[in-house]
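Remember, it's a predicted structure, so these values are computed and weren't measured experimentally.
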Amino acid sequence: MKRPAKDLERASRVVTRRGLVLGGLQLGVMGVLGWRMQSMQVEQAEQFRLLAEENRVNLRLIPPERGLIFDRNGVKLAENSQNYRIVIIREDAGDVDETLARLARLIHVPPEAIETAKEEMARRSPFAPVPIMERVPWEDVARVTVNTPSLPGIIAEVGLSRLYPQREELAHVVGYVGPVSDYDLTRGYLATDTDPVLREIPRFQVGKTGVEAKMEHDLRGSAGTKRIEVNAAGRVMRELGRVPGTAGSDVQLTIDSGLQSYLHARLEGESASVVVIDLEDGDVRAIGSAPSFDPNLFVRGISVADWRALNENKYRPLAAKAVQDAYPPGSCFKMITALAALEAGEIDSQETVWCPGHLDVSGTRFHCWRRGGHGNINLHESLKQSCDVYYYDVGQRVGIDKIAEMARKLGLGVNHDLPLSAVTEGIAPDKAWKRTTRGEDWRIGDTVNASIGQGYVLASPLQLAVMAARLGTGRAVTPRLVRTVDGVPQPSGGGESLGLNENNLRRIRESMFDVSNHRRGTAWRSRIEAEEMLMAGKTGTSQVRRITAEERARGVTSNADLPWERRDHGLFVAFAPYDNPKYAISVVVEHGGGGSTAAAPIARDVMLQALYGGTPPLEAYPSADRGRIDELQQQIQDRAQQRASEGRDRA
Amino acid sequence: MSYLEYQVKYIPAGFRKLLYINWPLVLLLAAVAATGVLMLTSVAGGETARWAEPQLKRFGLGLVLMLGVAMVPLWFWRNMAGVAYASGLFLVILVEFVGVEVNGSVRWINLGFMQLQPSELMKVALVLALAAYYDWLPVTKSSRPLWLIPPLALILLPTFLVLRQPDLGTALLLLTGGGTMMFLAGVHWAYFATIIAAGVGTVVAVFESRGTPWQILADYQYRRIDTFIDPENDPLGAGYHITQAKIALGSGGLTGKGFMQGTQSRLNFLPEKHTDFIFNTLAEEFGFVGGMTLLTLYGLIIFFCVASALQHTSRFATLLVLGVAMTFFLYFAVNMAMVMGLAPVVGVPLPLVSYGGSAMLVLMLAFGLVQSAHVHRPR
């Protein structure tokens, strides 16, 4: 087929023209592409580079090392121990079931631990290490390490975990740590804490109770950071750099762990609490509540059975009774009533009150503990023999407001700010207090009850020890628990003079001396024999039930015949040595019966231990008791040794 | 005997033909392919066995194929146009029945030694067929409506089949490539103007009607269109990839982060880094300079093709070479626009660089035709 040349030529022109148009268009598009590249890679390069860096680099926090807690002699109360754990990395493990089975043949792995690990593996990325077991004994770690080739993906890691070497002896003081919870962060004490470690490090350990919680900010330190490179799947490729954090501050407590240890051994079997205060600077030398618990259980994650056992125990091991619980102080309160009356000039030391065994006040009969009464009795004898009627009378004369004022002056009904959980303020009741809290008027019967430390009066063992300390020194001794933070000494709690009349104080002290050292004193049987260590104290017995008229008529049921919950609390407060007071002590034995039988012996034993800075010579004890005391000391030493060896096994 | 031969004054024969090959073009192709091999080494983390080596072998094969095609006189290829088109169409239809499914679309036929993507072959076959058609058709008839039907059918048939796979990118390339051929052949511009106007009108109508009582599409369809046009609206889904791709490209800066130092690609933030998004690795590691160099290489390839085409007096050769150039251009232009976030992601590889056998071989075949035209042009 032949075509006209003219057409062909025209067509050729069209193709050339249109080809050039297309070429131009293509050039234009390429120009746009080049312009786009220029704008992204040259003009916006910095911005994109930043985005790429953000993609690639993650900041991870390095948990700070928690500060240690020491006692006054440098004994560790809370430390960070190395803890081996076994983890599995799914992507390296190959057949996970087979690998875990092989591990279980090698060392003992609880089946539930395997189940938990499998569940967690299913939830997390294949490269994330999932813990199988914590706190693995060294032999097992060695076994796993030696068999690494047959256990792909299984690694023994080392980490730090909190350890409380004193175990139950300081559980209520030092407290314990645990993983930070939602509650802590929303409504708990960390709600206003913005430290990123709390939210970014999974299971970050924070103080839950006691010093660990109250001094959290000193102990925690601040986190370091590391910059790591991650890929799109979040896998860590390498570390690019790190900024080390700062470890938490070490905290030194005023506690003497030797005394504390003795105290706990001495309280074994009781539901009781003891506080020993150093009079020089208010140092709390020992503060114990029995029974106690092992705080390490909580760090490891307490089992349901253990938790239930602690929670349902009627002796309440979890409660720090020494500071949390407030008891009617009973006769221990009588010094306050007496001192208030002396200071107000309502009585003088020779004035006597007739005690027939009871006193009728506006139609109600108030009884003295001694049915037959004490007859004519003065201040000195009333304290020594703990006559109630004397105080019914004197209390009414001086009035509740002055008594309450004296109580607060001596440390009752006020908050002593120790870094411990749930420190109670107690109650030093007065007219205004009853009006605001109960909406009722104060009645004269309330004064009568309060004058012997019953009724509305409530005091914690800590407050009672402070009272004894202030009576012994005349200074406003304030308890302190922390000696140094990061080596910096904390202010002394020695206190200034209370401004009380020294003669009045001396009268009270003399009476307290006779309580312990006079044949007719209520604590005579628990005296200290050693000349230079003589103790001055006061017993207290606080009723927890109401004694009805019929019961009184047929004779008050003795404590031994009552169920435990209904027995009286036994209390004792003291300071020693009498000539040159160094320590004050308070003892409360819950439902222990009378203060002279239940509390005073404990106070005497602990006080001697404190005074001698260790086991006292038997000569310090009354000769009649020495055989029994020797036996008891032997038992306590055995127990302490046994506990120490148990502790070694478990650590 | 076609009119081609009448105008031939001198045609080299035998191995002398090799001297008349457009060697600068071969060099440019080799440079682009080398860039591809380099980048494939980089995205495999320095490992060559994974992608770089197979790609290099394929390029070698493609080179041999190209030279082989170049040796054969162009008139033979013109006569084969119908056969090529028919077999291409047959293979595309075959995909419907024996296709292999990858990522939810069926585009491949398993040949045992490689996965063939017939739609790639179809792109060249269509150019060949249309060039042959307009060479045969008297020039005066090219704008007559009746004579528009066969080329339209030639274009729309494979386009429709490819859309079914679904492969939007290839369909778009077929449509645009075919349309360009018709435009070059001298079909009256009014047709194109009408079609473009109608297209624009439809799009405007679809979007303008949104939210009015006479809305054309359903709401979910609009949402799909939104994501398609601007995937960054959906940063965790479709948008994630394009965002990461743009970060890779932009963060390269002027000179790039260095060979195998591209964090976006090495740490797998970049999707499809060895195929559709390989340009971003190049741009990340060699920066604006690297990107522009590749773009320039591509531009030079186009330039050499167009220059060669315009030297022909043969209508078939001119149309064919311009058509191949346009097809090649569409490949890289669409791919680059897509990875730079200028166009929706439709799945078009970067020619001679992206990992993939079909596109490489088909493109080398097409350049073989270009070379054949170059060798056998009248001198």
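The greatest number of non-hydrogen atom pairs below 4.5 Å with chain B, out of A:Leu22, A:Leu27, A:Val32, is found for A:Leu22. Looking only at heavy-atom pairs under 4.5 Å with chain A, the residue among B:Leu319, B:Thr318, B:Val187 that has the most is B:Val187. Among B:Val306, B:Leu330, B:Leu310, B:Leu342, the residue making the largest number of heavy-atom pairs under 4.5 Å with chain A is B:Leu342. Among A:Arg10, A:Arg49, A:Met37, the residue with the largest count of heavy-atom pairs under 4.5 Å with chain B is A:Met37.
Looking at B:Leu322, only its side chain comes within 4.5 Å of chain A, counting heavy atoms on both sides. With a 4.5 angstrom heavy-atom cutoff, A:Leu50 does not touch chain B via any of its atoms. Heavy atoms closer than 4.5 Å to chain A are found nowhere in B:Ala248, neither backbone nor side chain. Proximity to chain B (any heavy atom under 4.5 Å) is restricted, for A:Val42, to the side chain, taken from C-beta onward. Neither the backbone nor the side chain of A:Glu43 comes within contact range of chain B; no heavy atoms are under 4.5 Å apart. For B:Leu254, the parts lying near chain A are the backbone and the side chain together; criterion is any non-hydrogen pair under 4.5 Å.
We find the NZ-CZ distance between B:Lys246 and A:Arg36 to be 5.0 Å, quoted to the nearest 0.5 Å. The distance from the CZ atom of A:Arg56 to the OG1 atom of B:Thr263 is 5.5 Å, given to the nearest 0.5 Å. Distance check, rounded to the nearest 0.5 Å: CD of A:Gln26 to OH of B:Tyr298 gives 14.0 Å. Note that the CE atom of A:Met30 and the CE atom of B:Met292 stand 8.5 Å from one another [nearest 0.5 Å]. Atoms CD and OG, on A:Gln44 and B:Ser251 in that order, are 12.0 Å from each other to the nearest 0.5 Å. How far CG of A:Leu25 is from CZ of B:Phe183: 7.5 Å, rounded to the nearest 0.5 Å.
Here the side chains of A:Glu229 and B:Arg266 are in contact, with some heavy-atom distance below 4.5 Å. Within the 4.5 Å cutoff, side-chain heavy atoms of A:Asn55 are placed close to those of B:Ile247.
Around the OH atom of B:Tyr191, the shell of radius 6.0 Å holds more than 12 heavy atoms that belong to other residues, nucleotides or ligands.
Residues B:Phe192 and A:Arg18 come closest through the heavy atom pair CE1-NH1, 4.5 Å. Of all heavy-atom pairs between A:Gln41 and B:Gly252, the closest is NE2-CA, 4.4 Å. When all heavy atoms of B:Lys257 and A:Ala52 are compared, the closest pair comes out as NZ-CB, 3.9 Å. Scanning all heavy atoms of the two residues, the minimum distance from B:Ala333 to A:Leu33 falls at CA-CD1, 4.0 Å. Across all their heavy atoms, A:Val14 and B:Leu184 have their closest contact at CG1-O, 4.3 Å.
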